[in-house]
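Worksheet: the structure to be examined is printed underneath.
Computation of the quantities below employed the complete heavy-atom set of this structure, encompassing side-chain atoms and omitting hydrogens, waters and symmetry-equivalent molecules. Convention: sequence-line order gives letters A, B, ...; per-chain numbering from 1.
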Amino acid sequence: MHTNGPVTVSAQVVDALCEIVGPQNVIHGDQELLVYECDAYTIEKQLPNVVVLPRTTEEVSAVVKLCAQHQLPIIPRGAGTSLSGTVLAVTGGVMIALTRMTKILEIDYRNRRALVEAGCVNASVTQAVKGRGLYYAPDPSSQSACTIGGNVATNSGGPHTLKYGVTTNHVLGFEMVMPDGEILWLGARPDGGEEVDGYDLRGLVIGCEGMFGIVTRVLLQLIRAPQMYKTLLGVFESVDDASQTVSDIIAADMVPGAMEMMDQLITQAVEAAYHFGFPLDAGAVLIIELDGLAAGLERQTERVIEVCKKNKAREVRVAKTEQERLDLWKCRKRAFGAIGRLSPNFLTQDGVVPRSKLPEMMRFIRACSEKHGLRIPNVFHAGDGNIHPLILYDERDPDQVRRALEAGHDILKKCVEMGGSATGEHGIGVEKIDFMAMQFTKEDLDAMRTLRRVFDPEGRCNPHKMFPGSKRCADFAPRKQIAA
Amino acid sequence: MILAPATIAEFSKALADANSRKAKIERVNLAALNRVLEHTPEDMTVTVEAGITLAELQKHVGQRRQWLAIDPPHPETTTIGEIINANPSGPRRFGCGTIRDYLIGLTAVLADGTIIHSGGKVVKNVAGYDLMKLFIGGQGTVGVVVEATFKLRPLPEVERFVSAECKSLEEADKLIESVMQSEITPIVFDLHQLSQQDGFTFVLGFAGTREEVEWQLVLAAKLGFTKPASLDHETAFWADASPAHRLSVLPSKIIEAIRGLAGVPFDARAGNGVIHHRGTLTRSADKPPLELTRRLKDAYDPNHIFPDLPL
């Protein structure tokens with residue numbers, strides 16, 4: 001395949017790109033390209049040959065057509081917050097960043113819809129509509145930076161998926177530039193009904209990790225914001241007790257909006273960073289958020305407190321003001337940012353186990369931590385079994401790097417063995433290519449490859465991702481890799 | 001030919017054989033594949049064979065006070081496979097969504113007999129492409145689902161319905177506005193007129209804790225919803241065996257669309273802009289991308305042994 005070797009982009013092509021988007025929107029010097037050498041998965045790096053910042057769908061289409069003409073790989077990029085290397089330019093190529101397409105185009109309050117450009121930051125949608133009692137539910141922890149287009153690519157989740165689902169449950173339709181440059185609309189249109197004839201093409205593209213084309217405009221479903229939140233913080237002696245609490249809440253027929261767990265290590269780091277008053281010696285804290293009509297919440301809150309106490313909770317705090325509630329969430333959402341206090345580097349892992357198997361998985365992670373001699377704090381979406389063990393290491397010690405990768409591998413393997421998944425939110429990207437064959441049969445993978453060929457027959461759109469047998473960065477630019 | 005396999009392995013062989021002979025499959029009957037394979041109440045998930053009826057599935061998980069939060073017509077006779085294929089929905093669509101919001105994993109057999117899996121048993125999963133969406137609403141034209149895993153919800157503590165009648169569509173339009181503006185969060189928001197003699201009747205449904213339902217009933221009464229009701233209108237509409245059409249419009253255009261039906265009986269999801277009726281079928285002016293649709297079909301069923309999607 002033509003895109004298997006390192007890519008060269010001629011000066012002629014760079015000129016043509018400048019013609020389309022304007023020279024100020026074409027980046028092709030090594031120094032300036034450094035920003036784009038990786039996303040938030042920093043273990044593998046590769047410079048794209050050139051980065052283009054189109055301003056309109058037509059410009060995206062023209063750029064894509066030019067790349068098709070010259071058989072160049074294209075790599076779509078939102079904010080580059082991917083934690084799995086989804087935006088890595090494995091063999092170089094033309095990175096198409098949607099940084100200039102950030103507008104909210106239309107808000108239809110009556111129909112509770114918003115039409116946005118794909119580069120629109122996730123949090124700005126809710127920001128724009130919350131004054132009218134609406135919001136956009138999928139709220140990944142990176143929401144103050146990540147883009148709606150990126151959310152579509154990875155079918156992003158966040159802490160509230162237990163009750164509200166993921167991106168695919170809140171995106172009605174979108175405009176997309178196909179790898180040959182054609183502009184299509186998939187799914188419901190801004191002025192059309194929510195049901196459309198034909199296959200769920202919209203659903204097939206959501207979660208394709210940018211491999212089927214470049215999404216340019218997205219029609220979002222907004223929902224009524226809950227009348228009230230009751231946000232509780234349970235302090236537990238152990239992760240086991242906190243995990244059991246999660247199970248018991250579900251068994252009591254309650255579905256909180258969110259249930260997030262942080263273990264001792266991460267709680268200590270977060271407290272040092274944000275001084276919220278988290279206890280430093282608890283085994284685990286559990287944030288439980290109930291939402292809905294005020295009339296229903298009082299009794300539910302009492303029931304949840306009962307369950308916590310039944311599981312030996314040391315204390316249960318209820319946020320008394322909206323500010324307290326927001327501060328609590330800030331700590332959770334910026335937990336990863338607090339890790340710097342604990343370690344120079346960390347590997348964010350992302351796996352899923354059936355909720356009922358959480359205590360077993362937590363024990364396994366502790367065993368892994370001992371086996372590999374590395375600290376592994378945990379912050380995760382306990383409500384849906386989506387774990388985020390954070391494997392701490394120092395990249396200056398190649399042995400630690402090796403052990404960190406091994407520990408991550410062991411944990412994910414266990415997730416799959418327990419009937420879960422190697423990724424709950426972050427996607428496969430390049431990071432988890434090796435897990436695809438563990439989680440799926442050859443036939444499953446072939447069926448996926450078939451789908452890819454339907455959208456991207458030439459395999460030039462975000463190549464070398466997801467599938468076993470992909471080229472790796474190390475094949476091309478070993479000097480840029482951290483020894484592993 | 002019509003296939004009625006007893007096992008997945010048998011089905012796989014039969015399809016592989018049909019595919020090699022390019023023999024057309026008119027219909028697949030999965031009645032023999034009708035078991036609940038696994039119900040894990042602690043995880044709120046259930047895995048079933050696709051030939052099970054929705055009613056049977058609900059009865060099973062209902063024993064542990066859970067349900068698959070969809071309510072399409074004829075649950076006693078409609079199978080999970082048929083629901084996945086045709087994507088029907090019912091009144092609780094407004095508050096609960098549709099089957100695509102609950103399907104988290106499946107096993108399917110493709111035209112050449114290949115058995116594939118997509119998704120899994122966990123509610124959060126983004127490994128690989130979302131091939132489940134290939135089958136939802138796909139009418140069995142690119143493969144046949146034989147097993148499916150769903151995420152469940154707890155049965156609500158309490159469910160209540162109330163109705164209000166309007167003499168004119170103008171009045172109905174205003175009532176829709178006031179419902180949307182109020183603080184109630186109904187799971188059902190229907191509008192129907194089952195015969196020309198009837199007025200335009202709204203039905204609101206509330207589900208949840210006793211307190212929140214009662215609170216909403218008080219507010220609904222202030223909007224004019226004072227009559228206790230049920231979902232009998234839905235049963236009545238579907239008691240007629242003749243096929244019905246589904247018209248989907250922007251929710252704010254629903255009254256306009258009902259005017260366009262010119263007195264034909266209808267049963268509509270006022271909050272979703274979805275109208276079921278037996279009038280003339282009107283196809284949306286917006287066509288799905290036909291080239292892409294064709295490529296998808298050709299990729300998975302190159303010999304076209306399954307029917308084509310009616311488009």
Side-chain angles (χ1 to χ4, degrees), chain A residues 110-111 154-155 157 161 165 168-169 184 186 189 191-201 203-204 206-208 224 227 247 250-251 253 255 292-293 295-296 299-300 352 354-356 384-386 419-425 427-428 436 439-441 443-444 447-448 450-451 453-454 466, chain B residues 40-45 65 97 100-101 110 114-118 120-131 133-134 136-138 153-155 180 183 185 208-209 211-212 214-216 246-252 272-274 283-284 286-289 292-293 295-296 299-300 309 311:
Chain A
R110 166 60 183 86
N111 292 298
T154 49
N155 196 12
T161 65
T168 197
N169 308 112
L184 294 180
L186 305 185
R189 288 169 194 263
D191 57 355
E194 57 191 51
E195 288 286 1
V196 294
D197 292 334
Y199 298 114
D200 187 359
L201 298 170
L204 288 171
I206 297 173
C208 72
R224 160 81 66 64
Q227 192 182 65
S247 298
I250 302 285
D253 294 346
V255 183
L293 294 174
R299 184 159 55 97
Q300 291 244 300
V352 192
R355 192 186 300 111
S356 54
D384 51 35
N386 188 185
S421 175
T423 172
E425 299 180 304
I428 298 290
M436 289 296 278
Q439 193 163 333
F440 296 107
T441 65
E443 290 76 23
D444 300 339
M448 291 188 213
T450 299
L451 185 64
R453 278 196 301 276
V454 169
M466 194 182 282
Chain B
T40 318
E42 320 73 275
D43 293 336
M44 295 204 296
T45 57
R65 291 200 39 81
R100 85 190 286 283
D101 300 314
L110 300 179
T114 310
I115 300 170
I116 62 158
H117 313 87
S118 182
K121 296 223 165 124
V122 283
V123 302
K124 200 106 166 265
N125 188 353
V126 291
Y129 303 140
D130 189 354
L131 285 182
K133 303 297 188 286
L134 199 54
I136 300 177
R153 280 204 188 175
L155 281 166
M180 295 302 284
E183 289 202 87
T185 54
T209 62
E211 295 91 340
E212 63 187 313
E214 275 163 24
W215 186 84
Q216 292 180 86
R246 182 181 65 192
L247 173 60
S248 175
V249 300
L250 189 64
S252 56
N272 301 90
V274 172
R283 283 245 176 256
S284 164
D286 294 323
K287 296 248 154 283
L292 189 55
T293 300
R295 286 212 305 267
L296 194 66
Y300 287 99
L309 250 194
L311 265 188

(message) Tell me the closest heavy-atom pair linking B:Pro289 and A:Leu201, and the distance in Å.
(response) CD-CD1, 3.8 Å
(request) Go through A:Val255, A:Asp191, A:Thr441, A:Ile206 and name the one with the most non-hydrogen pairs under 4.5 angstrom from chain B. (result) A:Asp191
(request) Let me know if A:Ala447 has heavy atoms under 4.5 Å from chain B in its side chain, its backbone, both or neither. (result) both
(request) Could you look at B:Glu214 and say if it's the side chain, the backbone, both or neither that has a heavy atom under 4.5 Å from chain A? (result) neither
(request) Taking all non-hydrogen atoms of both residues into account, name the closest pair between A:Thr154 and B:Val126 and its distance. (result) O-CG1, 3.6 Å
(request) Decide yes or no for A:Val352 and B:Asn125: does some side-chain heavy atom of the first lie under 4.5 Å from some side-chain heavy atom of the second? (result) no
(message) Is there a side-chain contact between B:Lys133 and A:Thr168 in this structure, where contact means two heavy atoms from C-beta onward sitting under 4.5 Å apart?
(response) yes
(request) With a 4.5 angstrom heavy-atom cut-off, could you sort out which part of A:Glu443 is near chain B: side chain, backbone, both or neither? (result) both
(request) Could you check which of A:Gly165, A:Cys208, A:Ser247, A:Gly385 has the highest count of heavy-atom pairs closer than 4.5 Å to chain B? (result) A:Cys208
(message) On a heavy-atom basis, which atom in B:Pro41 and which in A:Ile250 lie closest, and how many Å separate them?
(response) O-CG2, 4.5 Å
(request) Sort out for me which of B:Thr40, B:Ile116, B:Leu110 touches chain A most, counting heavy-atom pairs under 4.5 Å. (result) B:Ile116
(message) Working to the nearest 0.5 angstrom, can you tell me the gap between A:Asn155 CG and B:Tyr129 OH?
(response) 14.0 Å
(request) First locate atom OG1 of B:Thr209, then atom CG of A:Asp253, and finally report the distance between them rounded to the nearest 0.5 Å. (result) 12.5 Å
(request) Under 4.5 Å heavy-atom distance to chain A, tell me which part of B:Leu155 shows up: side chain, backbone, both or neither. (result) neither
(message) For the interface with chain A, which of B:Lys287, B:Arg100, B:Gln216, B:Met180 has the highest count of heavy-atom pairs at distances below 4.5 Å?
(response) B:Arg100
(request) Considering only heavy atoms and a distance below 4.5 Å, find which of B:Glu183, B:His117, B:Lys121 pairs most often with chain A. (result) B:His117
(message) Counting only non-hydrogen atoms closer than 4.5 Å, does B:Thr114 touch chain A with its backbone (N, CA, C, O), its side chain (CB onward), both, or neither?
(response) side chain
(request) Measure distances from A:Asn386 to the heavy atoms of chain B and classify the residue's part below 4.5 Å as side chain, backbone, both or neither. (result) side chain
(request) Under 4.5 Å heavy-atom distance to chain B, tell me which part of A:Phe440 shows up: side chain, backbone, both or neither. (result) side chain
(message) Under 4.5 Å from any heavy atom of chain B, what part of A:Leu184 do you find: side chain, backbone, both or neither?
(response) side chain
(message) Restricting to non-hydrogen atoms, name the atom on B:Ser248 and the atom on A:Glu195 that form the minimum distance, rounded to 0.1 Å.
(response) OG-N, 3.0 Å
(message) Just so I understand: if I count every heavy-atom pair under 4.5 Å between each of B:Ile115, B:Asn272, B:Val274, B:Ile136 and chain A, which residue has the most?
(response) B:Asn272
(request) First locate atom CD of A:Gln300, then atom CD of B:Glu212, and finally report the distance between them rounded to the nearest 0.5 Å. (result) 7.0 Å
(request) Quick one: which of A:Met436, A:Gln439, A:Arg189 has the most heavy-atom pairs under 4.5 Å with chain B, could you say? (result) A:Arg189
(request) Specify the closest pair of heavy atoms between B:Leu309 and A:Gly198, including all atoms of both residues, with the distance to one decimal. (result) CD1-CA, 3.6 Å
(message) Does any backbone or side-chain atom of B:Arg246 lie under 4.5 Å from a heavy atom of chain A? Answer side chain, backbone, both or neither.
(response) side chain
(message) Any side-chain to backbone donor/acceptor pair from A:Asn111 onto B:Ser252? Under 3.5 Å, distance only.
(response) yes
(message) Give me the atom names and distance for the closest heavy-atom approach of B:Leu296 to A:Leu204.
(response) CD2-CD1, 3.9 Å
(message) Using a 4.5 angstrom heavy-atom cutoff, name the option from B:Leu292, B:Leu247, B:Thr45, B:Leu134 with the most pairs to chain A.
(response) B:Leu292
(request) Select one option (side chain, backbone, both, neither) describing which atoms of A:Arg224 are under 4.5 Å from chain B's heavy atoms. (result) side chain
(request) Run the salt-bridge test on B:Lys124 and A:Glu425 with the 4.0 Å N-O cut-off and return the result as yes or no. (result) yes
(request) Could you check B:Asp286 against A:Val196 for side-chain contact (heavy atoms from CB on, under 4.5 Å), going step by step and ending with a plain yes or no? (result) CA-CA 8 Å; B:Asp286 294 323; A:Val196 294; over 6 Å; no
(request) Output the option from A:Asp444, A:Leu293, A:Thr450 having the highest count of non-hydrogen pairs under 4.5 Å with chain B. (result) A:Asp444
